[in-house]
2 protein chains.
Amino acid sequence: MPRSAQINPPAETKPARRTSQRPTIRDVSRLAGVSRMTVSRVLSDPDMVLPATRERVLKAVADLGYVPDRAAGSLSSRRTGFIALMLPTLTNANFAAVAHGLTEALREAEYHLLIAYTDYDMAEEERQLRNLLARRPEAIVLTGAVHRRTATRMLLAADIPVVEIADLPSQPIEHAIGFSNYQVGRTAARYLIDRGFERIGAIAASPDGDVADHRGEERMRGFEDELRLSRRATDLVLRHGSAPVSFHHGAAAIRELLARDDRPQAVFAVSDLSAVGAVMECQRLGVRVPEDVSIMGFGDFEIGGEINPPLTTIHVDFRALGQRTGGMLLDLLSRNAEAGSGEPRIVDVGLRVVERASVKDG
Amino acid sequence: MPRSAQINPPAETKPARRTSQRPTIRDVSRLAGVSRMTVSRVLSDPDMVLPATRERVLKAVADLGYVPDRAAGSLSSRRTGFIALMLPTLTNANFAAVAHGLTEALREAEYHLLIAYTDYDMAEEERQLRNLLARRPEAIVLTGAVHRRTATRMLLAADIPVVEIADLPSQPIEHAIGFSNYQVGRTAARYLIDRGFERIGAIAASPDGDVADHRGEERMRGFEDELRLSRRATDLVLRHGSAPVSFHHGAAAIRELLARDDRPQAVFAVSDLSAVGAVMECQRLGVRVPEDVSIMGFGDFEIGGEINPPLTTIHVDFRALGQRTGGMLLDLLSRNAEAGSGEPRIVDVGLRVVERASVKDG
DNA sequence: CGTCTTTATGGGACCGATATCATCATCGAT
DNA sequence: ATCGATGATGATATCGGTCCCATAAAGACG
């Protein structure tokens, strides 16, 4: 009685019932005539098995089109290979760049990014966080977005590295890597003051209620503080509409500022999006930039360098930020495996004024 | 001897060894004095248990800060709650919008999007696909990005719904929802021809080798075909640089076209990014748009509506596309549960010329 | 009031991998 | 020739949930 299995129904020795057709590690092991453990080794640490055995297993894997089930693997090894990333939205070039840089940095180590957006909604934030944690990420990256008591508690309970990025919070949960939005505001104000302007305005969104993003408001706080330190009035700091800001936001806001009797000589916009919108609106109104009004932005979006005049702005390298975050995570995760997690790390990536033509001396 | 457990070390009856501190369903069940199954029911189908029991369980869940482990759940229930999305990049407003719309549509049904980018690299595409499938998504959404034989085979083997979006391929793998890039090209050409232009040009990227994205080239194919049908020359169709295109790309390309002796009267750019770059370059060169040259784009990016003159373009609602895809997926997945998957569905969401001021009659 | 449903809950196997330890063969050193 | 060290592979328990079926209690009905 030849024991060679029939080709079609690969029902072998033990569990006869199979609900799905998808091959498991057991199918591979049978086809290759080895134990499941050997198959597992071939796929995770190939040097550990003899070349001959390895080839046999790899052939079986290829023949069956076997793709291991990471859910099962995760459960057993307690390593999911997930990194969670929570951000306000992906519809923002800078956040998309962060996600991009992070993915790149993690790709080699075979980590997969789990992305959740809050859409600037705090209730959503908590739900999303719970969903994320249910996937047992090995670390979580936040975009200055966690405020609720409950959310923080969940994070701590999860007992994984937490990295806050894009903002350096005064009281970081654990690690942080980014820049100070407050400093952005101060730097912008300082820059405009040094150019000799007296009447300096700004464009921002109102920091109303439940918006899970205070980064813009931080910038404004810094901006106003610096103005005050130099005895400038802050009444031209306009909070118009609500976040997230947009080209339209900038257009509407600059219109309002230009209509004032004490029209500002220079305006800082909370985001390049608003700044570009403002410049475009000026073009339409026949208001010359920078001759009639200087405009400065934040974020160094690609479009800012392309418009006429090109936009003076404050640059932060978000993609690099994502990559550095990835690097830090890999370090934390490997280190974590060998010893205690160690000190919280705070990294300031700094910022840089990019001088272009939309601001001239006042 | 009182059997009330000590508060701190909740080590109870059976398995004494616990490597992590994180509570499991077993801890909850013990604290609530019910079976694990009852806890599971409370969390997945609350109406199935008595209100009194339910409250007790929920309290235990809250007290312990219990968050279920979806990996374990997935393994057992064979439902991961993942939908895979593969796209060329997230650093493109339209793709980000798709992801956004899709997330929204799936949010309610508690599906989680697993995003992978290929960065327009075909080798990466295959690796990414394998990684995605290892997470056992219940469906997969592709952005006209799968070409390799192996990749297609893996998809078929995975035995899950496959939806290709943003392009309507001539030979869809299964379902498809989107628009025809070829039609985009034809529509653009038709529009410009109808405006009475004779010398019509275009700006695109060269479709070189291993770029996993032929959508742009499809547009150009349609554009050229339509030109030919109307006896127009196609020698002003310029393929400059390689994908992905950018503002700079458009600027450089329009410069090249404008330098020609037979300078075009109207130019269609493969993307609004290029188109906006072209308009900005014209501003710099003192070439008036549309008086000296008309410019038309594709994609209806937000910035297009803001520049001066605002850009005539072809609109496709990518966010809606994402949402409709989500809707289709939910339908497929629920239907799949009850019966055979049924016919492949092909949905054309169409496109629409948005007439603004960057094109005038020739 | 006994029998038949219906409803709420529990028991145990199982999902598909990996961790851990045992086993067996091979080989150099004594 | 004997023995411990080394390397390759296998057997089994386990990860943390859910499926499936059993069972007990409560209500329906003649």
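The sequence lines fix the lettering, A, B, ..., with proteins before strands; numbering per chain opens at 1.
- Spacing between atom CZ of R30(B) and atom C1' of dG16(D) amounts to 13 Å, rounded to whole angstrom units.
- Using a distance-only test at 3.5 Å, with no hydrogens or angles considered, a donor-acceptor pair links the side chain of S44(B) to the main chain of S40(B).
- For S77(B) against dT18(D), no side-chain N or O and base N or O form a donor-acceptor pair under 3.5 Å.
- Between the R136(A) side chain and the L133(A) main chain, a donor and an acceptor come within less than 3.5 Å of each other.
- Relative ring orientation between Y117(A) and H100(B) is described as parallel, the plane-to-plane angle staying below 30° on a 0-90° scale split at 30° and 60°.
- At the phosphate of dT18(C), neither OP1 nor OP2 sits under 4.0 Å from any side-chain N or O atom of R79(A).
- Side-chain atoms of T143(A) come within 3.5 Å of backbone N or O of M86(A) as a donor-acceptor pair.
- Side-chain N/O atoms of S76(B) and base N/O atoms of dG17(D) include a donor-acceptor pair closer than 3.5 Å.
- You'll find that the side chain of D69(B) is closest to dG17(D), out of dG17(D), dA17(C), dT18(D).
- Spacing between atom CG of D45(B) and atom P of dT7(C) amounts to 13 Å, rounded to whole angstrom units.
- For the pair R78(B) CZ and dT18(D) C1', the computed distance is 11 Å after rounding to whole Å.
- Here dG16(C) presents its P atom at 11 Å from CD1 of I25(A), a figure rounded to the nearest Å.
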So which protein nitrogen or oxygen atoms get under 3.5 Å of nucleotides 23-27 of chain D's nitrogens or oxygens?
none

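- Counting only residues at least two apart or on different chains, the salt bridge (charged side-chain N to carboxylate O under 4.0 Å, His left out) pairs with a member in residues 98-113 of chain A are E104(A)-R319(A), R107(A)-D119(B), R107(A)-E124(B), E110(A)-R127(B).
- Between the OH atom of Y66(A) and the C1' atom of dG16(C) there is a distance of 7 Å, rounded to whole Å.
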Contact list (N/O, under 3.5 angstrom) for nucleotides 6-10 of chain D vs protein:
{"from": "dT9(D)", "atom 1": "OP1", "to": "T53(A)", "atom 2": "OG1", "distance (Å)": "2.5"}
{"from": "dT9(D)", "atom 1": "OP2", "to": "L50(A)", "atom 2": "N", "distance (Å)": "3.0"}
{"from": "dG10(D)", "atom 1": "OP2", "to": "S35(A)", "atom 2": "N", "distance (Å)": "2.8"}
{"from": "dG10(D)", "atom 1": "OP2", "to": "S35(A)", "atom 2": "OG", "distance (Å)": "2.9"}
{"from": "dG10(D)", "atom 1": "OP2", "to": "T38(A)", "atom 2": "OG1", "distance (Å)": "2.5"}
{"from": "dG10(D)", "atom 1": "O6", "to": "R41(A)", "atom 2": "NH2", "distance (Å)": "2.7"}

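- Put simply, the side chain of E174(A) never gets that close to the backbone of P344(A): no donor and acceptor are under 3.5 Å apart.
- Checked by atom type and distance alone, the side chain of S334(B) pairs as donor or acceptor with a backbone atom of D331(B) at under 3.5 Å.
- Looking only at distances, no side-chain donor or acceptor of H175(A) sits under 3.5 Å from a matching main-chain atom of I165(A).
- Residue L31(A) holds its CG atom at 7.5 Å from NZ of K59(A), rounded to the nearest 0.5 Å.
- Note: CG (L75(A)) to P (dC14(C)) measures 17 Å, nearest angstrom.
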